[in-house]
Colleague: 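One structure follows; several queries about it will come next.
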Amino acid sequence: MRQLTDSQSQAVHHKDGPLLVLAGPGSGKTRVITHRIAFLIESGVRPYNICAITFTNKAAEEMRQRAYSFGSSAGAQISTFHSLCVRILRQYSTQAGIKPGFTVYDDSDQSKCVKEAIKKCELDTSSFAPSKMLNAISTLKNKLVDPETFKAEAYDFFSNKLSKVYSHYQQLLSERNGLDFDDLLMKVAFLIRDCTEVRDELNNRYKYLLIDEYQDTNHAQYTIAKYLASSHNNICAAGDPDQSIYRWRGADIKNILAFETDYPNAMVVKLEENFRSGESILRKADNLIAYNKNRKVKVLVPTKTEPGFVDVSGYSDEAQEAQMIAEQIRNLALKGVSLKDVAIFYRVNAMSRVIEEAFVRNNINYQIVRGVEFYRRKEIRDLLAYLKVLVNPDDEVSLLRIINTPSRGIGKVTLDKVKYFASVNGISMFDALGKAGQISTISKGTQAKLAVVHNMLVQFQKDASGKAAPIAERVFKESGLEKMLQAEGIEGENSLENVSELINAASKFDQQPAATVSEHGELVETNLLDFLQQISLFSDADAYDTSTECVALMTLHAAKGLEFDNVFIIGLEEGILPHERANISGDEDELEEERRLFFVGITRAKSALYISFAKYRTIRGQTLRSIPSQFLYELDRDFEKKQKPESYSDSQLEEYSDFEDQQEESEEFKTGQLVRHGSFGLGRVKKFVDMGANSIVQVQFNTGKTKSLMLKYANLTKVDN
DNA sequence: CATAGCCGCCTTTTT
DNA sequence: GGCGGCTATG
């Protein structure tokens, strides 16, 4: 085990009071937190009084294991903000005004609820798109604006409508005893703000608070942290403003920048040495991030003696890019590189497909780090919906999903009648099912069908307070789900396998020593509800399996916190990275976040970094000529001159030559200039990035679309106003 | 009431 | 290019 450096050691051994660890990439930040947990325990703090918050469940699990290896840290609360909130809400459900068996609603459940809410407000879903509404609601919740507060300040037309949707949406969730991701944070923030009894208890329990990736906390999380530490101020925040990549989700970089103002007596430790990457890699990262204006300047100090290796290659299209990468990886493997040490990063999930195809062709093992995908499968969602109803009979979304799955001859008309009966009598739909015999509008035969389902669920419920796996298995067999899949023949085989994988996961969860430990040190047994609530908080990064010999494919966002010897970052093109959606408001902040995202990707690489772009890329079935990302010039202004013609296939050589031709003088385009484009028509210049012959103009066209165009190909003509 | 087939929608990143 | 939802048909 490497020795701690002076500054690392300073952070680790800080005893009481606020501490800010400003850490660059690869500076051993997470290690400092783990050592600090060990130090606190050594100096007499009970593990039970420590709370460490990480960004993903995976990170929490790793930190838990490392902390264990230092000695008995059992009982320390190490989890994500969301998991912590679930715990708090269950423990203090009465004070929070919710029932402890609540369901955590994922985005598809949310979307069902918001659609209903929009309907109730008599708005049409075309001008009030559910996704827009959900986004807006999420932003409000992250800012801790509840429906009542928002209603009071909603003056304009849109806010007014949004406020109504928001109220109805919250109403629906609360009737169903469901909480969405943002509710978990908001409810806890309000609970500890308003309820002094709970705040005191939590302050008493969590005497030391450690928060990793503090740059990505949103206002709700910030508030929770503030109240959790309010009596003792033993808060240790660690993060890197240059790695803030979740602004779009409400993360506020100001939280870390203002830490010293929030906690005036804070000790600040800077970790600027980088133990991860070779010098040439770090220099590129430095060059790039220096273009961000909105930052505190810091330089990465390399400590590795090996220089590292950086390659920037242009390919003709995404298929060639993928094939060349596959070949390079095969070469690396021949040289003895383990596939575990190779990763591919991309901006959007859809870009993984071409790489996958190339890897299959070339016989390269890979895994896509996309954890939530498994839980989105129909058969998995069906079984989970049954289990959710057992634990939370108010969960109408899940109940409606399963009531006729497998089909039992219960249709929409019948369900409408049941729903009407439920609302007239002020009971839940589940209870209305139990009284199906009293619903006179429904035929005797259908009444009987409803009663059968209700009876079945009631029978299942008797086992629902125990372990997860046995009840999951029982429900799968007795509900008819298994028969339904078996009847599908070969098509259903895959589904059957998935279900048994889920049941395996459940039984693994059941056997796990409980992560929760009571004050007196005894393990708290987990049950079905714990399982359901845990998997609903699963994230992509959580699915990353470090034990198998294969290349990891993931988005740049999922790459946060990881490191690899060899890193490939693909699709360095305008519109992809930076992503076109990040430019819609013409907001410089969004471009800076894209730059930070690339920065995060670069700084994952330990010894070799391969960056690539393609001249043509097919997106959503459309092949478009693409422009190398402006970020490539920022890494290295001469990057294009250094391009090897060999990296293009023969047929592309000719095209390459016009690429190389950068003698002509570029014409200046000012923001606001009216221009005409051959196919897009009239538009106005929003931005001009001067790169000599490779200058990029961003034009907002009258069609409403904004495009980034490479000046020398775009054939733009200026139009007088 | 079930099923198949079609249309139209979106599609950045995710706890 | 993929999925969800709607409609028409049996």
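Since the structure is predicted, the reported quantities are computational estimates derived from the model, not experimental observations. Convention: sequence-line order gives letters A, B, ...; per-chain numbering from 1.
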Colleague: With a 4.0 Å cutoff (strictly under), does any side-chain N or O of A:R408 reach OP1 or OP2 of B:dC1?
Modeller: no
Colleague: Using a heavy-atom cut-off of under 4.0 Å over every strand shown, decide if A:I410 touches base, sugar-phosphate, or nothing.
Modeller: sugar-phosphate
Colleague: Using the side-chain heavy atoms of A:Y246, tell me which of these nucleotides is nearest: B:dT15, B:dT14, B:dT13.
Modeller: B:dT14
Colleague: Closest approach to the side chain of A:N349, judged atom by atom: which nucleotide of B:dT15, B:dT14, B:dC1 is it?
Modeller: B:dT14
Colleague: In whole Å, I'd like the distance from the CG atom of A:L537 to the P atom of B:dT14.
Modeller: 16 Å
Colleague: In terms of side-chain heavy atoms of A:K115, which of B:dT15, B:dT14, C:dG5 is nearest?
Modeller: C:dG5
Colleague: Using the C1' atoms only, state how far C:dG4 lies from B:dT13, rounded to an integer number of Å.
Modeller: 22 Å
Colleague: As a quick check of understanding, evaluate side-chain hydrogen bond (donor to acceptor under 3.5 Å, both in side chains) for A:E573 and A:S629, giving each step before the final call.
Modeller: CA-CA 4 Å; A:E573 294 135 38; A:S629 168; over 6 Å; no
Colleague: Ring stacking, A:W248 with base of B:dT13, under 5.5 Å and under 30°?
Modeller: yes
Colleague: Measure from the side-chain heavy atoms of A:T56 and tell me the nearest of B:dT3, B:dT13, B:dT15.
Modeller: B:dT15
Colleague: Using whole Å, what does the distance between atom P of nucleotide B:dT15 and atom CD of A:Q215 come to?
Modeller: 15 Å
Colleague: Expressed as a whole number of angstroms, how long is the span from A:R596:CZ to B:dT13:P?
Modeller: 18 Å
Colleague: Base, sugar-phosphate or nothing for A:R247? Non-hydrogen atoms, less than 4.0 Å.
Modeller: nothing
Colleague: Touch check for A:S83, heavy atoms < 4.0 angstrom, all strands: base, sugar-phosphate only, or nothing?
Modeller: nothing
Colleague: Counting side-chain heavy atoms from CB outward, which of B:dT11, B:dA2, B:dT14 is closest to A:S407?
Modeller: B:dA2
Colleague: Using the side-chain heavy atoms of A:V413, tell me which of these nucleotides is nearest: B:dC1, C:dG2, B:dT13.
Modeller: B:dC1
Colleague: Just say parallel, tilted or perpendicular for the rings of A:F598 and A:F631, cut-offs at 30° and 60°.
Modeller: parallel
Colleague: How close or far is atom P of B:dA2 from atom CG of A:N404, stated in whole angstroms?
Modeller: 5 Å
Colleague: Which residue lies toward the 5' end of DNA chain B, A:E594 or A:G409, if each is placed at its nearest nucleotide?
Modeller: A:G409
Colleague: Which word best sums up how the rings of A:H557 and A:W248 line up, parallel for under 30°, tilted for 30 to 60°, or perpendicular for over 60°?
Modeller: perpendicular
Colleague: Which nucleotide, B:dT13, C:dG1, B:dT11, lies nearest any side-chain atom of A:H557?
Modeller: B:dT13
Colleague: So how far is it from A:L185 CG to A:F81 CZ, rounded to the nearest 0.5 Å?
Modeller: 8.0 Å
Colleague: Please report, rounded to the nearest Å, how far the C1' atom of B:dT13 is from the CZ atom of A:F599.
Modeller: 18 Å
Colleague: Walk me through it: do A:L210 and A:C51 pass the test side-chain contact (heavy atoms from CB on, under 4.5 Å)?
Modeller: CA-CA 6 Å; A:L210 303 98; A:C51 177; over 6 Å; no
Colleague: Report the distance from atom CD1 of A:I368 to atom P of B:dT14, rounded to the nearest whole Å.
Modeller: 13 Å
Colleague: Which whole-number value in Å describes the distance from A:Y375 OH to B:dT14 C1'?
Modeller: 16 Å
Colleague: Can a cation-pi geometry be assigned to A:R249 and A:Y246, taking NZ or CZ under 6.0 Å from the six-membered ring centre and within 45° of the ring axis?
Modeller: yes
Colleague: Which nucleotide wins on minimum distance to the side chain of A:H82, given the candidates B:dT14, B:dT15, B:dT11?
Modeller: B:dT15
Colleague: In this structure, how many angstroms lie between the P atom of B:dT15 and the CG atom of A:D106, rounded?
Modeller: 12 Å
Colleague: Compare the minimum distances between each of B:dT14, B:dT11, C:dG1 and the side chain of A:T555, then state the nucleotide with the smallest one.
Modeller: B:dT14
